[in-house]
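Here is the structure we will look at, set down as structure tokens.
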Amino acid sequence: MPHRPYIVGNWKMNGTRAMLAEARAIDRAAGRYPDVQVAIAPPFTLIGALREAVSAMGVGGQDCHVNAKGAHTGDVSAQMLVDTGADFVIVGHSERRKDHGESDVLIKAKAEAALAAGLGIIVCVGETLEERDGGKAEAVVSAQVTASMPDSDAAADAVASGKVAVAYEPVWAIGTGRVAEVADVVAMHAQIRQQLLALYGDAGAKVRILYGGSVNAGNARDLLAAEGVGGALVGGASLTAEAFLPIVAAADNGEA
Ligand code: PGA
């Protein structure tokens, strides 16, 4: 892996204050793996408490609004995430694309708003099973990358400083226990890398490309050792230290 691997837990709509103990345990262990960048994106309600509870790992949001403030009931802005202690945000997760009808255009605007607020970003892309079975996976992901990544002028500083990541998450692999074939992951990551180089020039090499979709202790080593895989976005297996830490350890070994 050319970069420091990035292992991110996406807690989705899971977590109350009772889970802070898990976060503390993950954080203590993260401190023992300085070669791995570890982070958790809890629900909005826990970001502040998690920030207080941890020291070695990053804390992020799972979404943000495009505007800084205003009449948008129920929404949270990138500036608010910064204010409560987040250092990055996930945008364009397939569950937001599906549950909230988020388009590539909206996701790009969110990514640019997050960067303007000083957050790192993880932009998610990935095809559905129907699209893969129809032979369209590459075209779908290519179109998502083209339309949802921030423009090079908006992203230049963040790209250069390693604050921009892409997560390739095949929708059919999320929460299903069904993991993509390593060869397919390698091929898709290579395609995404070419697009990032075209978009951002040489600095595009600094964008980490994470794999996501049913990553767990059993498959993490093979996935993280694969060519072009710069880390993992982990849902279900990030909810306990017991499940998450072997993935962090696999990333550490993967790099050595
Ligand atoms: P999963 O979720 O690890 O539970 O499949 C990954 C994600 O949606 O980010």
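Start at 1 and go down the list; that is how both ligands and their atoms are numbered.
Nearest to atom 5 (O) of ligand 1 by heavy-atom distance, out of Gly175, Gly126, Gly235, is Gly175.
Each of the following atoms of ligand 1 lies closer than 4.0 Å to a heavy atom of Gly213: 5 (O). Counting atoms of ligand 1 from 1 in the listed order, those under 4.0 Å from a heavy atom of Glu169 are 6 (C), 7 (C), 8 (O), 9 (O). The contact set between ligand 1 and His93, taken as ligand atoms under 4.0 Å from a residue heavy atom, comprises 7 (C), 8 (O), 9 (O). Of all the atoms in ligand 1, the ones that sit under 4.0 Å from a non-hydrogen atom of Gly236 are 1 (P), 3 (O), 4 (O). Heavy-atom contacts of Ser214 reach the following atoms of ligand 1: 1 (P), 3 (O), 5 (O) (cutoff under 4.0 Å).
Between the Arg193 side chain and the Gly204 main chain, a donor and an acceptor come within less than 3.5 Å of each other.
Side-chain contact between Leu129 and Val171 is absent, with no heavy atoms from C-beta onward closer than 4.5 Å. Ile7 places none of its side-chain heavy atoms less than 4.5 Å from the side chain of Tyr33.
Counting heavy atoms closer than 4.0 Å to ligand 1, residue Asn10 contributes side-chain atoms (C-beta onward) but none from N, CA, C or O.
Annotation for Ser148 and Val125: closest pair OG-CG1, 4.2 Å, computed over non-hydrogen atoms.
Shortest contact from atom 2 (O) of ligand 1 to any protein heavy atom: Lys12 NZ, 3.2 Å.
The aromatic rings of Tyr211 and His189 are tilted relative to each other, their planes meeting at an angle between 30° and 60°.
Heavy-atom distances between Ala173 and ligand 1 reach below 4.0 Å in at least one pair.
Between Thr176 and ligand 1, no N or O atom pair is found at a separation short of 3.5 Å. The shortest N or O to N or O distance between Glu95 and ligand 1 is not below 3.5 Å.
Lys12 NZ: more than 12 foreign heavy atoms inside a 6.0 Å radius.
Cluster annotation: Ile174 and Val123 are assigned to distinct hydrophobic clusters (Ile/Leu/Val/Met/Phe/Trp/Tyr, side-chain heavy-atom contacts under 4.5 Å, transitive).
With respect to the salt-bridge test (charged N to carboxylate O, under 4.0 angstrom), the residues Lys163 and Asp157 do not qualify.
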